[in-house]
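Report on the structure given below.
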Amino acid sequence: MLEIIQNNWTLLLVGQYPNGPLGGIVATLLLAVAGLTLAFPIALLLAIARISPFRWASLPAAGVVHVVRGMPFLMVLFWSYFALPLLMGRPLSGFWTLVGALVLYESAYLAEVIRAGIQALPRGQEEASRSLGFGYFRTLTLVILPQALYNSLPALIGQFVSLIKETSLGYVISVNEFTYAAAQLNSQLLVQPVEVFTILAITYFIVCFALTQSARWLEQRIARRRQGRPGELQAQPQTNPLTTESMP
């Protein structure tokens, strides 16, 4: 396997770039970043609509989330492949077709992550903000969302890991990502499929495991900041002003 990596590392890393389209693990990470970045604002709107007291907003948002979460990603990918060019009025590259499918699919999952982060906050946060005269939207944007998004960071990293794995299905529509690069390499070597796809699996594992550990570390850090580090809060001696003698 080391010889395969040594002789073909550029194909696995960046595909045929600069003599062809960008591919390999770099394209996979770019697809995941683009999918997460573009899905986040849509997910934020869906999450806000889901918790909205207005039924005209909460019911359609709940319907979208449940329908998309109930479908396998491969079906969403095929739907995007055939429907997005019709909706856009022009053909789309496989890269942007996969990005569109990732955005549609992940926005539903991210919306549930954000909604859970909002609903996990103590009720007193909203009540205290309202008592200060803040309206619904000011309370949401200035008090609730900053805390909820901060607490949701580990889960957002977990969704990024899911995105990385979902990009591998771009192979079925010939998107030049990491799995597609491994398939190209396998077609060149012909007699070493076990070694090639073992390299593929190990690379996915290393990337996803590193991100998962980062999410776990971040989750522990957030928990420590919530509770306070040991010894951070020292008991302060208190004096009773009723028993304290006045100085001359």
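A heavy-atom distance below 4.5 Å is not found between the side chains of Leu163 and Gln159. Contact of the Leu218 side chain with the Ser214 side chain is not registered, since no non-hydrogen atoms from C-beta on lie closer than 4.5 Å. Contact of the Leu22 side chain with the Asn176 side chain is not registered, since no non-hydrogen atoms from C-beta on lie closer than 4.5 Å. With a 4.5 Å cut-off on side-chain heavy atoms, Leu145 and Leu44 count as touching. Side-chain atoms of Arg216 and Pro154, non-hydrogen and from C-beta on, never get closer than 4.5 Å to each other. Between Val172 and Tyr81 the shortest side-chain heavy-atom distance does not fall below 4.5 Å. Val175 is not listed as a side-chain neighbour of Thr97, based on a closest heavy-atom distance of 4.5 Å or more.
In terms of the salt bridge (charged side-chain N to carboxylate O under 4.0 Å, His left out) criterion, Glu166 has no residue partners (sequence neighbours excluded).
Remark: side-chain polar atoms of Thr203 are paired, donor with acceptor, to backbone N or O of Ile199 under 3.5 angstrom. Although no hydrogens or angles enter the test, the distance criterion places a donor-acceptor pair under 3.5 Å between the side chain of Gln147 and the main chain of Val143. Side chain of Glu177 to main chain of Tyr180: a donor-acceptor pair is present (N/O by atom type, distance under 3.5 Å, no hydrogens or angles). Thr167 places no side-chain N or O within 3.5 Å of a backbone atom of Leu31 that could act as its donor or acceptor partner.
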### Task
Step by step, work out the side-chain contact (heavy atoms from CB on, under 4.5 Å) result for Ile157 and Trp217.
CA-CA 11 Å; Ile157 296 176; Trp217 172 83; over 6 Å; no
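Between Phe205 and Phe209, the ring-plane angle classifies as parallel under the 30° and 60° cut-offs. Aromatic ring pairs are classed by plane angle as parallel below 30°, tilted from 30° to 60° and perpendicular above 60°; the pair Tyr204 and Phe178 is perpendicular.
Note: the hydrophobic cluster containing Phe82 also contains Trp96 (ILVMFWY, side chain heavy atoms under 4.5 Å, direct or indirect links). No chain of hydrophobic side-chain contacts below 4.5 Å, direct or via other Ile, Leu, Val, Met, Phe, Trp or Tyr residues, connects Val65 to Leu59. Leu86 and Val99 fall into different hydrophobic clusters, where Ile, Leu, Val, Met, Phe, Trp and Tyr are joined by side-chain heavy atoms under 4.5 Å apart, directly or via other members. Residues Leu46 and Phe54 are members of separate hydrophobic clusters, defined by side-chain heavy-atom contacts under 4.5 angstrom among Ile, Leu, Val, Met, Phe, Trp and Tyr. Under the 4.5 Å side-chain heavy-atom criterion for ILVMFWY residues, no single connected hydrophobic cluster contains both Leu45 and Leu156.
The two residues Leu84 and Gly100 have their closest heavy-atom pair at CD1-CA, 4.2 Å. Considering all non-hydrogen atoms of both residues, Ile42 and Ser107 come closest at CG2-CB, 3.8 Å. Scanning all heavy atoms of the two residues, the minimum distance from Leu189 to Gln192 falls at CD1-OE1, 3.8 Å. In this structure, Ala61 and Ala49 approach most closely via the heavy-atom pair CB-CB, 3.6 Å. Residues Ala183 and Phe197 come closest through the heavy atom pair CA-CZ, 4.4 Å. Here the closest non-hydrogen pair linking Met71 and Val76 is CE-CG2, 3.8 Å.
Taken to the nearest 0.5 Å, the OG1 atom of Thr198 stands 9.0 Å off from the CG atom of Leu200. The OG1 atom of Thr28 sits 13.5 Å away from atom NZ of Lys165, with the distance rounded to the nearest 0.5 Å. Distance check, rounded to the nearest 0.5 Å: OG of Ser162 to CG of Leu102 gives 11.0 Å. From Leu11, atom CG reaches atom CD1 of Ile25 across 12.5 Å, with rounding to the nearest 0.5 Å. With rounding to the nearest 0.5 angstrom, the CG atom of Leu98 is 11.5 Å from the OG atom of Ser174. The CG atom of Leu38 sits 12.5 Å away from atom CG of Leu104, with the distance rounded to the nearest 0.5 Å.
Within a 6.0 Å sphere centred on CZ of Arg69, other residues, nucleotides and ligands contribute more than 12 heavy atoms. For CD of Glu219, the number of neighbouring non-hydrogen atoms (other residues, nucleotides, ligands) closer than 6.0 Å is 12 at most. Around atom OH of Tyr150, more than 12 heavy atoms belonging to other residues, nucleotides or ligands sit under 6.0 Å away.
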Donor-acceptor pairs are to be reported for all side-chain atoms of residues 109-120 against protein atoms at under 3.5 Å, with residues two or more places apart or in another chain.
residue: Tyr109; atom: OH; partner: Tyr105; partner atom: OH; Å: 3.3
residue: Glu112; atom: OE1; partner: Arg50; partner atom: NH2; Å: 3.4
residue: Glu112; atom: OE1; partner: Arg115; partner atom: NH2; Å: 2.8
residue: Glu112; atom: OE2; partner: Arg50; partner atom: NE; Å: 3.2
residue: Glu112; atom: OE2; partner: Arg50; partner atom: NH2; Å: 3.2
residue: Glu112; atom: OE2; partner: Arg115; partner atom: NE; Å: 3.2
residue: Arg115; atom: NH1; partner: Gln119; partner atom: OE1; Å: 3.0

